[in-house]
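The next block holds one structure in the form of structure tokens; read it before the comments.
Keep in mind it's a predicted model, so treat the numbers as computed, not measured. In what follows, every heavy atom counts, from backbone to side chain, and hydrogens, waters and symmetry copies are set aside. When a ligand or atom number is given, it counts from 1 through the structure's own listing order.
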Amino acid sequence: MGLLNNILENVELKKLTTFRIGGTARYFYKPDTFEDLVAAKKFAAEKNLPYFVIGCGSNILASDEGYDGLIIKLGKGFSDFKFENDTLVAKAGAPLTLLARKSATLGLAGIHLLAGIPATLGGALYMNAGAYDQETGQHIVSIKVLEEDGSIKDYSFEECQFGYRKSVFQNTKKIILEATFKLTPANADELVEAQKKVMESRKTKQPLDLPNAGSMFKRPVGGYAGTLIDEAGLKGTSVGGAQVSTKHAGFIVNTGNATAKDVYDLTELVIQRVYENSGHKFKLEREVVMLGKIAP
Ligand SMILES: Cc1cc2nc3c(=O)[nH]c(=O)nc-3n(C[C@H](O)[C@H](O)[C@H](O)COP(=O)(O)OP(=O)(O)OC[C@H]3O[C@@H](n4cnc5c(N)ncnc54)[C@H](O)[C@@H]3O)c2cc1C
């Protein structure tokens, strides 16, 4: 009963993604407890609808047609975390930047340079988000996951199969619940200082004044997406309301009224032009997760 009362209908995905793009989701629910989360999964199964867990929505391109299913956003009960000696145990809804900041002030190295990535821990582990030579999965001891069949499984570091923007959780319906990290004791002042520097560098290099989803493309082996796009003369190129950022060519920004189709079409153009300009050496791949029907 509690669940049914709190499920929202026709929620705009625009409001749930940093790109500020997307049609409406049929259902939206923010569970505060594990029991609520299990009930939400059951609700979707009974309605024969898919579900999708969203974090900060900072790596998502959501369809203009919306999502005919249930969007689940982990609520209050999923954001606790605790540092004990060099170990951090955190729930999946905890903000990554908060964990990174705390770890630095406590003198624990390993995730401190991830501050500034606008992610939940769950989304960051799913993507194995990284920056400045650190990756979210690097110092994982284990991850607690709600499996598709309703069971709970603890994944060891090896079982997570982390790679560049890769984890075993991608393209599954597994829900990350909690993670345990083992960090490295270090000088707190130095960590805080290094963290400050990378956060300032984000402000100067990234187009944070316009809605975006971070780097649109993965870093290809042997090159940098931003540099290749710049070299192809594509900075500032637009399709509808989507534009290759003039500040950082690896970012696509929403200049106001971009649709998912605008962004998708612009990525197609970028991939094609970079491929041609690099003498068929680099074929960029999108990093951003597509939600709902986007590609033709
Ligand atoms: C300004 C800006 C800067 C950025 N900088 C970086 C950067 O430096 N490095 C980098 O790697 N990325 C960066 N990103 C991209 C993005 O922040 C990361 O990919 C991040 O990991 C997404 O986390 P999220 O919680 O927002 O997940 P979402 O974008 O909401 O979701 C991403 C994927 O994770 C899945 N997911 C989320 N939570 C869970 C869960 N609990 N269980 C299972 N699956 C889950 C979703 O279903 C989806 O498939 C940036 C984005 C922006 C807007």
Side-chain angles (χ1 to χ4, degrees), residues 13 16-22 25 30-31 34 37 40-41 50-62 67 69-75 78-79 90-100 111 113-138 143-148 153 155 160 162-179 198-199 201-203 205-219 225-226 245 247-248 250-254 286-292:
L13 288 164
L16 298 173
T17 59
T18 58
F19 240 147
R20 301 282 173 256
I21 290 174
K30 208 168 170 180
F34 177 71
L37 175 61
K41 264 182 66 130
Y51 64 86
F52 184 91
V53 181
I54 202 163
C56 295
S58 61
N59 204 39
I60 289 179
L61 180 60
Y67 180 68
L70 170 66
I71 301 284
I72 300 173
K73 187 175 168 83
L74 299 180
F78 293 92
S79 58
K91 296 223 168 119
L96 185 65
T97 294
L98 182 61
L99 300 176
I111 57 168
L113 300 181
L114 303 179
I117 302 181
T120 59
L121 176 59
L125 288 167
Y126 178 98
M127 290 305 303
N128 192 19
Y132 304 99
D133 290 332
Q134 291 189 345
E135 285 182 339
T136 318
Q138 233 170 346
I143 300 187
K144 198 184 282 297
V145 171
L146 176 58
E147 297 281 285
E148 289 91 337
K153 178 174 154 116
Y155 284 72
C160 295
F162 290 118
Y164 172 71
R165 303 296 174 268
K166 266 208 165 37
S167 75
V168 77
F169 311 111
Q170 293 178 359
N171 305 313
T172 71
K173 286 290 156 189
K174 298 175 194 296
I175 302 178
I176 298 168
L177 299 172
E178 186 182 286
V198 302
M199 290 190 82
S201 159
R202 280 179 181 277
K203 273 192 211 140
K205 289 189 186 145
Q206 299 182 352
L208 301 179
D209 52 331
L210 288 170
N212 67 76
S215 299
M216 194 68 210
F217 302 95
K218 293 185 185 172
R219 190 180 64 223
S245 166
K247 194 166 178 183
H248 185 319
F251 280 54
I252 286 182
V253 293
N254 175 1
R286 295 175 191 86
E287 176 184 313
V288 167
V289 173
M290 313 269 190
L291 170 57

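- Taking a cut-off of under 4.0 Å to the non-hydrogen atoms of L74, the atoms of ligand 1 that pass are 41 (N).
- Taking every non-hydrogen atom of R202 and a distance limit under 4.0 Å, the qualifying atoms of ligand 1 come out as 3 (C), 5 (N), 7 (C), 8 (O).
- For S245 (side chain) and F251 (main-chain N/O), no donor-acceptor pair under 3.5 Å exists by modelled atom type.
- The CD atom of E148 sits 11.0 Å away from atom NZ of K153, with the distance rounded to the nearest 0.5 Å.
- Here the shortest heavy-atom pairing between N59 and E287 reads ND2-O, 3.5 Å.
- Remark: among candidates L16, I117, N212, T18, the nearest residue to atom 14 (N) of ligand 1 is I117, based on non-hydrogen atoms.
- Not a single donor-acceptor pair under 3.5 Å links the side chain of K218 to the backbone N or O of R286.
- At least one N/O-N/O distance between G55 and ligand 1 falls below 3.5 Å.
- For atom 50 (C) of ligand 1, the closest non-hydrogen atom on the protein side is G214 CA, 3.6 Å.
- For atom 38 (N) of ligand 1, the nearest non-hydrogen atom of the protein is G123 N, 3.4 Å.
- For ligand 1, the atoms sitting less than 4.0 Å from at least one non-hydrogen atom of V289 are 49 (O), numbered in the order shown with element in parentheses.
- The shortest heavy-atom contact between R20 and N254 is O-ND2, 3.5 Å.
- Contact annotation: for P118 versus ligand 1, heavy atoms closer than 4.0 Å belong to both the backbone and the side chain.
- Residue contact check: C56 has heavy atoms under 4.0 Å from atoms 24 (P), 25 (O), 26 (O), 30 (O) of ligand 1.
- At the top of the distance list for atom 31 (O) of ligand 1, counting protein heavy atoms only, stands I60 CD1, 3.6 Å.
- Considering only non-hydrogen protein atoms, atom 46 (C) of ligand 1 sits nearest to V53 O, 3.1 Å.
- Not a single heavy atom of F169 sits less than 4.0 Å from an atom of ligand 1.
- In this comparison of P95, S58, G57, the heavy atom closest to atom 22 (C) of ligand 1 sits on S58.
- Considering both main-chain and side-chain atoms, A119 never comes within under 3.5 Å of ligand 1 through any nitrogen or oxygen pair.
- Of all the heavy atoms in F169 and I176, the pair that sits closest is CD1-CD1, 3.8 Å.
- The main-chain N or O of N212 is found under 3.5 Å from a side-chain atom of T18 such that the two form a donor-acceptor pair.
- Residues P118 and C56 come closest through the heavy atom pair O-CB, 3.2 Å.
- Geometrically, K166 does not engage Y164 in a cation-pi contact, judged by NZ or CZ lying under 6.0 Å from the ring centre and within 45° of the ring axis.
- Remark: side-chain polar atoms of R219 are not paired, donor with acceptor, to backbone N or O of G226 under 3.5 angstrom.
- Shortest contact from atom 41 (N) of ligand 1 to any protein heavy atom: I176 O, 3.1 Å.
- Scanning all protein heavy atoms for the shortest distance to atom 10 (C) of ligand 1 gives G130 O, 3.5 Å.
- With a heavy-atom cut-off of 4.0 Å, T120 touches ligand 1 through backbone and side chain alike.
- Each of the atoms 10 (C), 11 (O), 21 (O) of ligand 1 lies under 4.0 Å from some heavy atom of A129.
- Under 4.0 angstrom from ligand 1, the non-hydrogen atoms of A131 all belong to its side chain.
- The shortest heavy-atom distance from Q170 to ligand 1 is not under 4.0 Å.
- Counting only heavy atoms of the protein, atom 44 (N) of ligand 1 lies nearest to Y126 CD1, 3.4 Å.
- Remark: distances from the non-hydrogen atoms of R165 to ligand 1 include one below 4.0 Å.
- Nearest heavy atom pair, residue G163 against residue N128, reads O-ND2, 2.8 Å.
- Ligand 1 places these atoms under 4.0 Å from at least one heavy atom of A213: 51 (C), 52 (C), 53 (C).
- Within the 3.5 Å criterion, the main-chain N or O of Y51 finds a donor-acceptor partner in the side chain of K173.
- For Q170 (side chain) and R165 (main-chain N/O), a donor-acceptor pair under 3.5 Å exists by modelled atom type.
- The protein non-hydrogen atom at the shortest distance from atom 29 (O) of ligand 1 is N59 N, 2.8 Å.
- Near I54, meaning under 4.0 Å from any of its heavy atoms, are these atoms of ligand 1: 30 (O).
- Those atoms of ligand 1 with a heavy atom of K174 less than 4.0 angstrom away are 43 (C).
- Between L125 and A179, the shortest heavy-atom contact is CD1-CB, 3.6 Å.
- In this structure, F78 CZ and K30 NZ are separated by 12.0 Å, a value rounded to the nearest 0.5 Å.
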